[in-house]
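What follows is a single structure, written as structure tokens, with notes after it.
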Amino acid sequence: MLRIVLADDAVLPREGLVALLDRFGHRVVASVGDSATLATAVAEHRPDVVITDVRMPPTFTDEGLRTAVALRAEQPGLPVLVLSQYVATAYAAKLLESTDSGGVGYLLKDRVLDVGDFVEGVERVAAGGCVIEPEVVRQLITRRNDPLGRLTPREREVLALMAEGRSNAAITKRLTVSEKVVGKHINAIFTKLDLPADSTEDHRRVRAVLAYLRA
């Protein structure tokens, strides 16, 4: 069971998420509607993961995101999943730049309609993983020129799928290759990005994804 602090200014969507997470065995320890209360709730409850909307009172611009970044600065590694109504690569970049550790996610609110994927994303972020909206990944890729020149086109493709939060098995299915081949690509990515072999694979995956999205 995850202990979750949830922030969204819209009452009905917020309560809907509370009920959804409860149905999957998780507990929302605080449900709030503004960034100031969010910070207070996190300090009080020390949750396993924070889920927050980007836009909240009073200006409805990026208060939720800025609070999330500030919280991660105060508590390095605090898992945070940001929900947004729109694709905004600048918001995603700010979140990713908030720390070198894992436990970050940026998803569109429409993804909540796919209940299984959403809850899996929450759990992956809480476990220290990285879950980024596929459309955000695509836009970050298209605005850059060869972000990681040492990688082959296939390795960049594998890393893009890793950035979407896909497991080795899911990448295997997507690329219609064997899991052994996917493992070789991932090991090559780790080597070319100079990620230390003494780190856990999950940590190396997160570091690889963050390097890719920041490149």
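Residues: numbered from 1 along the sequence shown.
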Problem set entry | Val122 and Leu2, any side-chain heavy atoms less than 4.5 Å apart | yes
For this session: Dump the intermediate steps for side-chain contact (heavy atoms from CB on, under 4.5 Å) on Val104 and Arg72, then the final yes or no.
Result: CA-CA 10 Å; Val104 291; Arg72 284 173 66 82; 3.0 Å; yes
For this session: Mind listing the closest non-hydrogen atom pair of Arg3 and Pro47 along with its distance?
Result: O-CB, 3.4 Å
Exercise. Which value, rounded to the nearest 0.5 Å, describes the distance between Ser167 atom OG and Glu179 atom CD?
Worked result: 7.5 Å
Exercise. Any salt bridge between Asp9 and Arg55, counting N to O under 4.0 Å?
Worked result: no
Problem set entry | Within-4.5 Å side-chain heavy-atom neighbours: Val54 and Glu63 | no
For this session: Report yes if the side chains of Leu151 and Ile189 come closer than 4.5 Å at any heavy-atom pair, otherwise no.
Result: yes
Exercise. Taking 4.0 angstrom as the limit, do Asp48 and Arg27 come out as a salt bridge?
Worked result: no
Exercise. Measuring from Asp34:CG to Thr67:OG1, what's the distance to the nearest 0.5 Å?
Worked result: 9.0 Å
Exercise. Per the side chain to side chain contact (heavy atoms under 4.5 Å, CB included) rule, which among Val80, Thr52, Leu38 passes with Leu71?
Worked result: Leu38
Problem set entry | Side chains of Met56 and Asp8 in contact at under 4.5 Å (non-hydrogen atoms) | no
Exercise. Are any side-chain N or O atoms of Arg124 and backbone N or O atoms of Gly129, one a donor and one an acceptor, separated by less than 3.5 Å?
Worked result: no
Exercise. Do Val119 and His26 come close enough that some side-chain heavy atom pair is under 4.5 Å?
Worked result: yes
Exercise. So, Thr37 side chain and Gly33 main chain: donor-acceptor pair closer than 3.5 Å or not?
Worked result: no
Problem set entry | Main-chain N/O of Thr152 paired to Glu155 side chain as donor or acceptor, under 3.5 Å | yes
Exercise. Between Leu6 and Val32, is any pair of side-chain heavy atoms under 4.5 Å apart?
Worked result: no
For this session: Apply salt bridge (Lys or Arg N to Asp or Glu O under 4.0 Å) to the pair Arg14 and Asp53, showing each step before the final yes or no.
Result: CA-CA 10 Å; Arg14 188 171 75 230; Asp53 191 6; over 6 Å; no
Problem set entry | Working for side-chain contact (heavy atoms from CB on, under 4.5 Å), residues Lys192 and Asn187 | CA-CA 9 Å; Lys192 292 180 180 180; Asn187 285 332; over 6 Å; no
Exercise. With no hydrogens and no angle check, is any side-chain donor or acceptor of Arg166 less than 3.5 Å from a backbone partner on Ile171?
Worked result: no
For this session: Hey, could you give me the CG/CD distance between Leu21 and Glu123, rounded to the nearest 0.5 Å?
Result: 9.0 Å
Exercise. Can you tell me how far the NZ atom of Lys109 sits from the CG atom of Leu17, to the nearest 0.5 Å?
Worked result: 8.5 Å
For this session: Work out which heavy atom in Ala30 is nearest to a heavy atom in His45; give both atom names and the distance.
Result: CB-CD2, 3.8 Å
Exercise. Which heavy atom in Val115 sits nearest to a heavy atom in Phe24, and how many Å separate them?
Worked result: CG1-CE1, 3.3 Å
Exercise. Do the non-hydrogen side-chain atoms of Val125 and Tyr106 ever get within less than 4.5 Å of each other?
Worked result: no
Problem set entry | Donor-acceptor side-chain pairing of His185 and Glu157 below 3.5 angstrom | no
Exercise. With a 4.5 Å limit on heavy-atom distance, are the side chains of Gln85 and Leu108 in contact?
Worked result: no
For this session: Before giving the answer on side-chain contact (heavy atoms from CB on, under 4.5 Å), spell out for Arg66 and Ser35 the whole-Å C-alpha distance, their side-chain angles and the decisive distance to 0.1 Å.
Result: CA-CA 9 Å; Arg66 285 190 285 109; Ser35 56; over 6 Å; no
For this session: Could you grab the distance from atom CG of Asp62 to atom OG of Ser84, nearest 0.5 Å is fine?
Result: 10.5 Å
For this session: For the pair Asp22 (side chain) and Val18 (backbone), establish whether a donor and an acceptor sit closer than 3.5 Å, ignoring hydrogens and angles.
Result: no
For this session: Evaluate side-chain contact (heavy atoms from CB on, under 4.5 Å) for Val5 paired with Ile51, printing each intermediate quantity in order.
Result: CA-CA 6 Å; Val5 167; Ile51 303 174; over 6 Å; no
